[in-house]
Amino acid sequence: MPRDPELSDYLTRFAGQDEVLARVERETRELPNAGMISRADQAALLTILTRTLDAKVAVEVGTFTGYGAICIARGLAPGGHLTCFEVSEELAAIAQRNLDAAGLTDRVTIMLGPADENLAR
Ligand SMILES: C[S@@+](CC[C@H](N)C(=O)[O-])C[C@H]1O[C@@H](n2cnc3c(N)ncnc32)[C@H](O)[C@@H]1O
């Protein structure tokens, strides 16, 4: 998050944050290490980049509560798939719930465990 709350509000307002993302951000604020969440404008850029690349395959290393994953998955080409790597079982479960709520269950797989081991596979 930017340190300046006004700047943060401004960036979020123009990032096109919908109800699902707003709820994920709100609930994430209650967690330890809440500052790890992707900023709304950064995550909006992920959607634009994924869409611009017409990406069919994407990988996210470190998913936290799923904010960035939702934004990447929304930009995927039809039939595309995102694989997420998350080391924390608790966070992976939260991210899965958030992805389900976003209607992205079929487009995203969360692999639990250290990313380097799973990436090697
Ligand atoms: C900065 S947060 C990711 C933010 C997230 N991409 C988002 O959009 O909100 C980093 C995440 O990486 C996870 N992590 C740390 N080390 C990891 C590892 N070796 N393999 C997989 N995940 C890891 C942490 O548990 C944490 O959830």
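There is no path of hydrophobic side-chain contacts, each under 4.5 Å, that joins Leu31 to Val87. Linking Ile, Leu, Val, Met, Phe, Trp and Tyr whenever their side-chain heavy atoms come within less than 4.5 Å leaves Leu53 and Ile48 in two separate clusters.
Residues Tyr67 and Gln42 bring no donor and acceptor atom of their side chains to less than 3.5 Å of each other.
Using a 4.5 Å cut-off on side-chain heavy atoms (C-beta onward), Arg39 and Leu11 make contact. In this structure, the side chains of Val24 and Ile70 come closer than 4.5 Å at one or more pairs of heavy atoms. Inter-residue side-chain proximity for Met111 and Arg121 is flagged as met; some heavy-atom pair is nearer than 4.5 Å.
Residues satisfying the side chain to side chain contact (heavy atoms under 4.5 Å, CB included) test with Arg51, not counting sequence neighbours, are Thr47. Every residue meeting the side chain to side chain contact (heavy atoms under 4.5 Å, CB included) condition with Ala44, not counting sequence neighbours, appears here in chain and number order: Ala15. Partners of Thr50 under the side chain to side chain contact (heavy atoms under 4.5 Å, CB included) rule, at least two apart in sequence or in another chain, are Ala55, Ile72, Leu76. Residues passing the side chain to side chain donor-acceptor pair (under 3.5 Å) test with Glu60 are Thr63, sequence neighbours excluded. Val59 meets the side chain to side chain contact (heavy atoms under 4.5 Å, CB included) test with Val61, Phe85, Leu119; sequence neighbours excluded.
The line from CD of Glu86 to CG of Asn118 is 11.5 Å long, rounded to the nearest 0.5 Å. Between Thr28 atom OG1 and Glu30 atom CD the span is 9.5 Å, to the nearest 0.5 Å. One finds the CG atom of Leu82 at 9.5 Å from the CZ atom of Arg107 (value rounded to the nearest 0.5 Å). Atom OG of Ser38 sits about 10.5 Å away from atom CG of Leu45, to the nearest 0.5 Å. The structure places CG of Asp4 at 12.5 Å from OH of Tyr10, a figure rounded to the nearest 0.5 Å.
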Problem - Residues Phe64, Ile37; criterion side chain to side chain contact (heavy atoms under 4.5 Å, CB included); working and verdict - result: CA-CA 7 Å; Phe64 197 36; Ile37 193 172; 4.0 Å; yes

Exercise for the section: For the pair Gln17 and Glu25, evaluate side chain to side chain contact (heavy atoms under 4.5 Å, CB included) and give the outcome as yes or no after the intermediate values. Expected result: CA-CA 10 Å; Gln17 190 185 56; Glu25 187 183 353; 2.5 Å; yes

Exercise for the section: Mind running side chain to side chain contact (heavy atoms under 4.5 Å, CB included) on Cys84 and Val108 for me, showing each step along the way? Expected result: CA-CA 7 Å; Cys84 297; Val108 184; 3.7 Å; yes

Practice task
Go through the steps to decide whether Arg74 and Leu21 satisfy the test side chain to side chain contact (heavy atoms under 4.5 Å, CB included), and finish with yes or no.
Solution key: CA-CA 12 Å; Arg74 285 178 171 174; Leu21 290 173; 3.5 Å; yes

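Checking side-chain atoms of Asn33 against main-chain N and O of Met36 turns up no donor-acceptor pair under 3.5 Å.
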If you look only at distance, which donor and acceptor atoms sit under 3.5 Å apart when one is on a side chain in residues 93-104 and the other is two or more places apart or in another chain?
unit_1, atom_1, unit_2, atom_2, d
Gln96, NE2, Asp100, OD1, 3.0
Asn98, OD1, Arg23, NH1, 3.3
Asn98, OD1, Arg23, NH2, 3.3
Asn98, ND2, Thr65, O, 2.8
Asn98, ND2, Ile94, O, 3.4
Asp100, OD1, Thr105, OG1, 2.8

